[in-house]
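Before any comments, here is the structure.
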Amino acid sequence: MTVHALTAKEVTQKIFNKEPLFILDVRNESDFSDWKIEGHYFDHLNVPYFDLLDGVEDILEKIPSDKEVLVVCAKEGSSVMVSEMLSEAGLTVSYLKGGMKAWSEHLEPVKVGDLKDGGEMYQFVRIGKGCLSYMVVSNGEAAIIDATRMTDIFIDFADEIGADITHVFDTHLHADHISGGRMIAEKTNATYWLPPKDAEEVVFDYQPLEEGNDVVIGHTTISIQPLYSPGHTIGSTSFIVDNQYLLSGDILFIDSIGRPDLAGMAEDWVGDLRETLYKRYKALSDELIVLPAHFMIIDELNDNGSVAEKLGTLFAKNHGLNIEDETEFRHAVTDNLPPQPNAYQEIRETNMGKVKPDEEKQREMEIGPNRCAIR
């Protein structure tokens, strides 16, 4: 019996639209506990595939008849087989096309807003991984910030809107996902920018990203102003775009702040983190819209699917920005570190150009949620 496949894009729209969905996840319990598809009104049941080989009769009563049901596995095959068994038992169910592998790699473009001289700001939401990338567009030119390794979506999107990619930036040397910045630059002949203090071990050429070195996109006054903001890494650099948007990289998130330990330097960099958040950022306009490089929880998404909030609102509501005592802040940051990202050292070396894993290895390295934040 034929069962219906739902794409990662269709599931993403259900999250954005806050639709209900019941997910039967047939991966191993440890994989499910570590990372799952989350939505405002999503319910879950985790039953490993191997427990269902003899049939699905034992779980039929646990599956609701008044909600859409989606079966999920790692790569698709197991969920298809379970979906067919459930369908033969009289239930209407779908399976996730491409499994969690496809979920991890899906990017959803969302328009954040317009720029003052006619350009646009787009956010690319990697919903399954929590990564956020950006495209600044003006007068037929585009700049990309913090691109993921799925490079085609950025290049194809720029083609669709009639823009040439002229500049590509990384706010820092990423440790939780593989950057697509250098590959996009090579494919489009764009200039690739990287903070030099994060690039001491890279083995490729790049343009050093330093304060006072504005980059103009298009033929208007839209400029990207880098702001040195160490703390997550020693070279972490924020961007102020069009005097409207603060691209904060992994320094400041909507509901949390960045972790300082992914290069083994938590004690050394916690002071830099506080300096950036409590002095450099505090001196900026409260009206700047913060656009981070990651989100942690689904509640950080706005109604249109974007992840954005005014800086002044974050200073009022984000706990990480309201720890007055410096010693307490130090303890809050260094004593509260979540598990480090999967394969983060290998990812760092890949982003330095030292190793070149094949595509399947890259997928394996990135499996799991992002872990760049401290809440």
Notebook entry, point to check: Taking it one step at a time, do Gln345 and Arg348 satisfy side chain to side chain contact (heavy atoms under 4.5 Å, CB included)?
Noted result: CA-CA 5 Å; Gln345 289 287 18; Arg348 280 170 51 84; 3.7 Å; yes
Item checked: Intermediate values then yes/no, salt bridge (charged side-chain N to carboxylate O under 4.0 Å, His left out), Glu120 and Lys111 -> CA-CA 7 Å; Glu120 299 93 33; Lys111 184 177 177 181; 5.1 Å; no
If you draw a 6.0 Å radius around [atom1] in [X], do more than 12 non-hydrogen atoms from other residues or ligands fall strictly inside?
{"X": "Asp205", "atom1": "CG", "value": "no"}
{"X": "Glu324", "atom1": "CD", "value": "no"}
{"X": "Met150", "atom1": "CE", "value": "yes"}
{"X": "Phe204", "atom1": "CZ", "value": "yes"}
{"X": "Lys97", "atom1": "NZ", "value": "no"}
{"X": "Met352", "atom1": "CE", "value": "yes"}
{"X": "Glu29", "atom1": "CD", "value": "no"}

List the atom of [X], the atom of [Y], and the distance in Å for their closest heavy-atom pair.
{"X": "Phe253", "Y": "Pro292", "value": "CD2-CB, 3.8 Å"}
{"X": "Ile178", "Y": "Ile347", "value": "N-CG2, 4.1 Å"}
{"X": "Trp35", "Y": "Met100", "value": "CH2-O, 3.6 Å"}
{"X": "Cys131", "Y": "Asp176", "value": "SG-OD2, 4.1 Å"}

Roughly how far, to the nearest 0.5 Å, is [atom2] of [Y] from [atom1] of [X]?
{"X": "Leu311", "Y": "Leu252", "atom1": "CG", "atom2": "CG", "value": "7.0 Å"}
{"X": "Ile144", "Y": "Tyr134", "atom1": "CD1", "atom2": "OH", "value": "14.0 Å"}
{"X": "Leu24", "Y": "Leu45", "atom1": "CG", "atom2": "CG", "value": "5.5 Å"}
{"X": "His294", "Y": "Ser133", "atom1": "NE2", "atom2": "OG", "value": "8.5 Å"}
{"X": "Ile23", "Y": "Ile37", "atom1": "CD1", "atom2": "CD1", "value": "4.5 Å"}
{"X": "Leu132", "Y": "Leu107", "atom1": "CG", "atom2": "CG", "value": "9.5 Å"}

Within the 3.5 Å criterion, strictly below it, is a donor on [X] or [Y] matched to an acceptor on the partner's side chain?
{"X": "Glu19", "Y": "Gln13", "result": "no"}
{"X": "Asp146", "Y": "Thr171", "result": "yes"}
{"X": "Tyr281", "Y": "Ser248", "result": "no"}

Taking [X] for the side chain and [Y] for the main chain, is one N or O donor matched with an acceptor at less than 3.5 Å?
{"X": "Thr12", "Y": "Ala8", "value": "yes"}
{"X": "Asn351", "Y": "Leu173", "value": "no"}
{"X": "Ser79", "Y": "Glu76", "value": "yes"}
{"X": "Lys14", "Y": "Gly39", "value": "no"}
{"X": "Asp242", "Y": "Gln244", "value": "no"}
{"X": "Asn46", "Y": "Asp25", "value": "yes"}
{"X": "Asn304", "Y": "Val110", "value": "no"}
{"X": "Gln207", "Y": "Trp193", "value": "no"}

Item checked: Residues Ser138, Asp117; criterion side chain to side chain contact (heavy atoms under 4.5 Å, CB included); working and verdict -> CA-CA 8 Å; Ser138 172; Asp117 291 319; 5.8 Å; no
Flag the pair [X] / [Y] as yes when at least one side-chain heavy-atom distance between them is below 4.5 Å, and no otherwise.
{"X": "Ser94", "Y": "Leu70", "value": "yes"}
{"X": "Ile161", "Y": "Met135", "value": "yes"}
{"X": "Asp255", "Y": "Asp299", "value": "no"}
{"X": "Arg363", "Y": "Arg149", "value": "yes"}
{"X": "Phe16", "Y": "Glu108", "value": "yes"}
{"X": "Thr148", "Y": "Phe154", "value": "yes"}
{"X": "Asp152", "Y": "Lys187", "value": "yes"}
{"X": "Arg126", "Y": "Ser104", "value": "yes"}

Next item on the list: Please report the C-alpha distance between Phe295 and Val125 in whole Å, then the side-chain angles of each, then the deciding distance to 0.1 Å, and finally whether the side chain to side chain contact (heavy atoms under 4.5 Å, CB included) criterion is met.
Entry: CA-CA 9 Å; Phe295 68 94; Val125 181; 3.9 Å; yes
Pairs touching [range] that satisfy salt bridge (charged side-chain N to carboxylate O under 4.0 Å, His left out), sequence neighbours left out:
{"range": "residues 157-175", "answer": "none"}
{"range": "residues 303-321", "answer": "Lys18-Asp303, Glu287-Lys310"}
{"range": "residues 42-62", "answer": "Asp43-Lys67"}

Do the side chains of [X] and [Y] join up, straight or via other hydrophobic residues, at under 4.5 Å, putting them in one cluster?
{"X": "Ile240", "Y": "Phe169", "answer": "yes"}
{"X": "Ile63", "Y": "Tyr41", "answer": "no"}
{"X": "Phe50", "Y": "Leu86", "answer": "yes"}
{"X": "Ile59", "Y": "Val71", "answer": "yes"}
{"X": "Val11", "Y": "Phe32", "answer": "no"}

Notebook entry, point to check: Ion pair present between Arg27 and Asp34, side-chain N to carboxylate O less than 4.0 angstrom?
Noted result: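 Not counted as a salt bridge, because no side-chain N and carboxylate O are separated by less than 4.0 Å.
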Got a sec, which residues hit ring-ring contact (aromatic ring centres under 6.0 Å, His included) with [X], two or more places apart in sequence or on another chain?
{"X": "Tyr49", "value": "none"}
{"X": "Tyr95", "value": "none"}
{"X": "Tyr278", "value": "Phe329"}

Check: For the residue pair His174 and His177, does the interplanar ring angle fall in the parallel (under 30°), tilted (30 to 60°) or perpendicular (over 60°) class?
Finding: tilted
Check: Run the side chain to side chain contact (heavy atoms under 4.5 Å, CB included) check on Met121 and Ile289 step by step: do they pass?
Finding: CA-CA 11 Å; Met121 172 71 78; Ile289 297 171; over 6 Å; no
Check: Does the gap between the ring centers of Phe124 and Phe157 come in under 6.0 Å?
Finding: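 Yes: the rings meet the under 6.0 Å criterion.
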